[in-house]
Amino acid sequence: MLEKKIRQFHSLIGVDCNVYDVKLKTFENPQSVFCSKCPEPCDYKNTHLHGCYESVRWDNKYIYYCPMEFIFVAVPVTDEDKILTSGVIIGPVLMGATYDNPQTYTLPNMDTTKVNALAEIASTVFATPQMQGGKEKVGDFLNAVYKELEVLPKTSAYPIDVEKRLQTAIVSGDEKQAKEYLNRLLGEIFFHSNGDFNVIKARALELLVLLSRSAIEGGADVEQIFALNTGYIEEIDKFDTLEKLSVWLSSIINRFVHYVFGFKSVRHSVTIRKIVEYIHDNYMKKITLDDIADAVYMSKSHVSKIFNTEMHTSITAYINKIRVEKAKKLLRASTLSIAEIATLTGFEGQSYFAKQFKSSTGVSPNKFRETVNGKQKQEDGE
């Protein structure tokens with residue numbers, strides 16, 4: 001049924017649709033997917049995994065950029081217990097300007113209204129509970145948990161020291177150790193609850209809260225972590241059997257581990273994209289670090305750190321670079337004065353503009369204009 005819907009959707013809308021397996025972190029038919037043919041390979045598997053998980057949180061649809069700056073839409077596909085098993089990935093499409101991407105692909109180009117409409121339609125078509133394979137049984141789940149327990153000494157009481165090790169592993173970014181300690185604690189919850197289902201739910205919620213605090217301390221986005229916690233508190237109280245709760249916990253824990261560790265580069269990519277967009281949209285005005293931090297919902301220090309790490313330059317230097325590029329276009333194509341161009345491109349004063357322009361190009365704005373005009377006259381045969 002899902003495959004039939006995908007074929008019909010593609011035929012009607014004209015945008016590629018593919019199923020992404022969350023557990024295997026791959027498309028069902030990877031060779032036919034656009035990402036596998038992209039001439040500049042990127043970490044698209046984690047990008048789309050992130051999209052699938054976020055679509056669960058954001059009303060069964062999530063619009064996001066890939067590292068190549070194409071737009072995709074993810075819609076969750078769940079089993080009868082509403083556990084995420086896969087996602088339908090729609091795209092790529094272009095949206096607006098693609099100034100940072102020199103590639104010239106023949107892709108659908110949509111404005112923001114159409115992209116939002118695409119997401120709404122896709123959500124309506126695909127976001128219904130689906131059964132993708134057999135449901136994980138509680139016995140299999142617990143066997144998997146205790147398979148991991150062999151690496152740690154067993155204790156008869158709830159191991160607070162393992163909690164502390166788990167926190168340390170998350171904060172330091174040690175994914176392997178974090179999973180080992182996490183499985184140990186989950187096993188303890190099941191086997192030291194005396195069969196009291198309410199106790200199991202309460203301890204499971206405590207464990208999820210512990211993870212979220214550690215993730216924030218490790219640098220995860222506070223707002224997104226808080227949003228996750230709100231959903232968990234509402235969901236965990238709905239379960240009435242140990243089997244359903246265990247399957248859900250398995251899914252949530254895997255999702256959390258991926259969110260903390262696997263999506264770091266993806267989150268940074270999205271943040272960088274938003275910062276760059278803000279600068280391109282506002283370069284003609286005064287831009288402060290406070291303005292940018294507010295636009296991407298992060299602290300000033302975090303914004304600066306991410307931008308410097310990913311772009312290998314400061315935000316101020318990048319803003320000046322964009323302004324100089326815009327000024328070069330005006331110098332070539334207009335008769336505006338240097339002072340007017342300085343104002344139109346966001347520089348505070350003609351002298352500062354001239355200083356930054358020369359630092360970037362090696363010549364003054366006037367010299368640049370004279371050189372460009374001279375070359376143009378030679379080409380025109382004057």
Side-chain angles (χ1 to χ4, degrees), residues 1-38 41-95 105-108 110 114-136 140 247-248 250-259 262-263 265-266 269-270:
M1 177 63 74
L2 181 60
E3 289 74 14
K4 182 179 179 181
K5 285 183 178 182
I6 285 176
R7 289 196 302 270
Q8 292 172 338
F9 189 89
H10 173 68
S11 177
L12 182 63
I13 306 297
V15 179
D16 285 347
C17 304
N18 296 277
V19 177
Y20 189 87
D21 189 303
V22 170
K23 185 175 182 179
L24 299 178
K25 293 178 64 175
T26 186
F27 286 98
E28 287 190 355
N29 298 299
Q31 297 307 314
S32 64
V33 175
F34 175 88
C35 294
S36 65
K37 306 170 186 176
C38 185
C42 60
D43 186 20
Y44 71 86
K45 291 186 177 182
N46 267 331
T47 297
H48 297 309
L49 184 66
H50 180 61
C52 291
Y53 280 131
E54 290 298 285
S55 68
V56 177
R57 291 204 303 123
W58 299 107
D59 198 24
N60 291 330
K61 57 186 179 297
Y62 185 64
I63 301 169
Y64 58 101
Y65 283 99
C66 76
M68 291 303 297
E69 300 183 352
F70 298 125
I71 290 288
F72 288 86
V73 175
V75 175
V77 177
T78 59
D79 63 18
E80 62 183 11
D81 293 318
K82 296 185 179 181
I83 302 300
L84 182 70
T85 59
S86 58
V88 176
I89 307 297
I90 301 99
V93 301
L94 302 177
M95 186 171 70
Y105 300 103
T106 305
L107 295 174
M110 302 180 176
K114 289 184 178 179
V115 170
N116 281 308
L118 175 68
E120 290 289 347
I121 294 170
S123 176
T124 301
V125 172
F126 298 116
T128 54
Q130 301 286 338
M131 196 62 182
Q132 304 291 320
K135 183 171 64 174
E136 183 179 5
D140 295 335
V247 173
W248 178 79
S250 177
S251 173
I252 292 300
I253 287 171
N254 285 334
R255 172 182 174 185
F256 212 110
V257 170
H258 280 304
Y259 187 86
F263 297 149
S265 62
V266 175
S269 176
V270 172

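Residues: numbered from 1 along the sequence shown.
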Tightest non-hydrogen contact, residues Phe72 and Cys35, listed as CZ-SG, 4.0 Å
Partners meeting side chain to side chain donor-acceptor pair (under 3.5 Å) with Glu120 (sequence neighbours left out)
Lys61
Return the CG to CD1 distance between Leu107 and Ile71, rounded to the nearest 0.5 Å.
11.5 Å
Out of curiosity, Asn60 CG to Ser55 OG, how far, rounded to the nearest 0.5 Å?
7.0 Å
Value for SG (Cys66) from CD1 (Ile89), rounded to nearest 0.5 Å, stands at 11.5 Å
Do Val22 and Leu49 come within less than 4.5 Å of each other through their side chains, counting heavy atoms only?
yes
Under the side chain to side chain contact (heavy atoms under 4.5 Å, CB included) rule, collect the residues that match up with Leu118, sequence neighbours excluded.
Phe9, Ile13, Val73, Ile90, Met110
Under a 4.5 Å cut-off applied to non-hydrogen side-chain atoms, are Val125 and Val75 in contact?
no
Between Tyr20 and Lys45 (side chain of the first, backbone of the second, donor and acceptor by atom type, cut-off under 3.5 Å), is there such a pair?
yes
Thr124 side chain near Ile121 side chain, heavy-atom distance below 4.5 Å
no
Do any N or O atoms from the side chain of Ser86 and from the backbone of Val19 form a donor-acceptor pair under 3.5 angstrom?
no
Which residues pass the side chain to side chain contact (heavy atoms under 4.5 Å, CB included) test with Asn18, not counting sequence neighbours?
Asp16, Phe27, Ser32, Val33
Excluding sequence neighbours, so at least two apart, what forms side chain to side chain contact (heavy atoms under 4.5 Å, CB included) with Leu24?
Asp21, Thr26
Is there a donor-acceptor contact under 3.5 Å from the side chain of Lys5 to the main chain of Phe126?
no
Can you give me the closest heavy-atom contact between Pro108 and Gly14, atom names plus distance?
CG-O, 4.0 Å
Please assess Leu94 against Phe70 for the test side-chain contact (heavy atoms from CB on, under 4.5 Å), listing each intermediate value before the final yes or no.
CA-CA 6 Å; Leu94 302 177; Phe70 298 125; 3.3 Å; yes
